[in-house]
Structures are given as structure tokens and as C-alpha cells.
Amino acid sequence: MTDPEPSAAARIGGLSLIAAAVLFIAAFSYLARTFDYPDVLDRGAAEVLPRLLALGPAGRDVWAIYGLLPLLLVPAGVGVARAFRRSAPGASTTALVFAAISALTMMLGLLRWPSIQWEIAQAWVVAPEGGTERASLAAVFDGLNLYLGVFIGEFVGELALNLFFALTAWAMWRTPRTAGLRPFAWIGFVAAVSGAIAMFRNATSLVAPVSAANDYVLPLALIGLGVGLMRAPSEGRD
């Protein structure tokens, strides 16, 4: 007989989403205050690299923690796959796949700052001004931001994250109404649409207001879906 209580995997997955939201807010706030993040990402190497080093070891550690936060999507995806494997098997399994893709790609994008870009920043401050060495470093800096940042982390990573939100919301919607998950499903649907629009902020300024609002929608969505996942009735033993 099916246990009506949430499964262990669902509880862990829900807690992972809530933890991701809390840590995201903390790290994002710190980097916004000390590094003018995310606006600083639109500036050149000559301004950004010295400011990156000025964060010091503590700032580098925050960047590393921030870069590892997407990994919390993996247990969340497992929780979704386990919690809804009978009511929405296709959606829940696919949600796990996109959670893993999002975790990997967003992590790669974010971790460039305390690793590759940090080393470039150290080389930049000792290189002669106006020389070819700084020009080469700036080219590598810009290329990494474009490839790992814009294309991999911000586009592929956010696309996968928004699909994870949408599929998780659909799985919650498919559960019986008595489970009370439909309000949480709406949170997921709204976050998926908002995130899908915000993804194109590097292509057009028309989505700038949505992109700015999405910085607040994201943690709220993580918390909402986390609470919903923790309330999902078990569909069998873990």
C-alpha cells in the first residue's frame, strides 16, 4: 500500500532546493555589494580583472561556493523523479535529466571566476600596460565570458533549469488535487516562463525588466518548488 507521507528522496530534494535559494541569496548579495555583480559582467578586462583580485581570498571562496550551488539541483532532480514516477513518469524522469544538465553547465560557467579568470587577473596586474600581453589576456577573458558564461552557463544552463521548473510543475499538476500541489505547480510554471524570457537578455534589451525581476523570481521559485516537493505524497518505497 502506498505510503501517503513524502518519500526520503522527495524530502532531500525539497531541502536541496530551499538550501540553494538561501545560499543563492547570500552569495548573490555579497557579490552584488563587493563586485557590482551582475552588472560588472558587461565591462572589459581592464576594469573587471583588478576588481576580481580585490575581492581577496574571502571573495574567491564565495565565488567557489556560488559556482557549486547548481549541484544542489541534482538531488532535487532525483527527488522529483522518485516522487512523481507513477503520476508523471515521463515528465519526472526528464526533469531529472535537465536538472543534471543545468547543474553541470551553470557550474562550469560560474566556476570560471575563481579559477581561470582569477589566474588571468593575476597575470593582468603584473603585465605591462598597453602591451601585447594584456591584449592577449583580454581576448582570452572575453572569449571565456562569451563561451562559458553567455552560451554555456547563461543560455544552456538556464534553458535546462527552466525546463526542469516546467516539468516539475507539470508533474505536480498531474498529482491528485487532494495532494494540494497545484499552487506550487503554478510557481514552477511562472518561473519557467520568466526564466525563458530572461534568457535572451544578451540578445535584446527588451527583456531587461523581466531579467531584473527574474533575479527575485528564481529564489522564490526554488523555495516554492522545494516546499511542494517536500509535501509530495510518496508513490512507493525509495
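Val227 and Trp186 are members of different hydrophobic clusters when ILVMFWY side chains are connected at heavy-atom separations under 4.5 Å. No single ILVMFWY cluster, assembled from side-chain heavy atoms under 4.5 Å apart, contains both Ile187 and Phe189. In the hydrophobic clustering of ILVMFWY residues, with side-chain heavy atoms under 4.5 Å counting as a link, Leu225 and Trp170 come out apart. Follow the hydrophobic side-chain contacts under 4.5 Å out from Phe200 and you never reach Leu206; the two are in separate clusters.
Residues Ile223 and Leu17 are not in side-chain contact: their nearest non-hydrogen atoms beyond the backbone lie 4.5 Å or more apart. Side-chain contact between Ile120 and Leu144 is present, with at least one heavy-atom pair separated by less than 4.5 Å. Side-chain atoms of Val40 and Glu47, non-hydrogen and from C-beta on, never get closer than 4.5 Å to each other. Side-chain contact check for Leu52 versus Leu55: some heavy-atom pair is nearer than 4.5 Å. Counting heavy atoms from C-beta outward, Val80 and Phe164 have side chains that approach closer than 4.5 Å.
For the residue pair Leu181 and Pro233, the shortest heavy atom distance occurs at CD1-CD, 4.4 Å. In plain terms, the two heavy atoms of Ser87 and Ala171 that are nearest each other are OG-O, 4.3 Å. Closest approach of Gly228 and Met172 over heavy atoms only: C-CE, 3.7 Å.
Using a cutoff of 4.0 Å between basic side-chain nitrogens and carboxylate oxygens, Arg112 and Glu119 are not scored as salt-bridged.
Counting only distance, with no hydrogens or angles, the side chain of Ser194 and the backbone of Val190 share no donor-acceptor pair below 3.5 Å. For the pair Ser102 (side chain) and Gly157 (backbone), a donor-acceptor distance under 3.5 Å is present. A donor-acceptor pair under 3.5 Å is formed between the side chain of Arg134 and the backbone N or O of Trp124. A distance-only check finds no donor-acceptor pair linking the side chain of Ser211 to the backbone of Val207 [under 3.5 Å].
Hydrophobic side-chain contacts under 4.5 Å tie Val78 into a cluster, directly or through other members, with Leu96. Side-chain contacts under 4.5 Å among hydrophobic residues (ILVMFWY), followed directly or transitively, place Val150 together with Leu146, Phe151.
Taking the six-membered ring for Trp and thresholds of 30 and 60 degrees, Trp63 and Phe35 have ring planes more than 60 degrees apart, a perpendicular arrangement.
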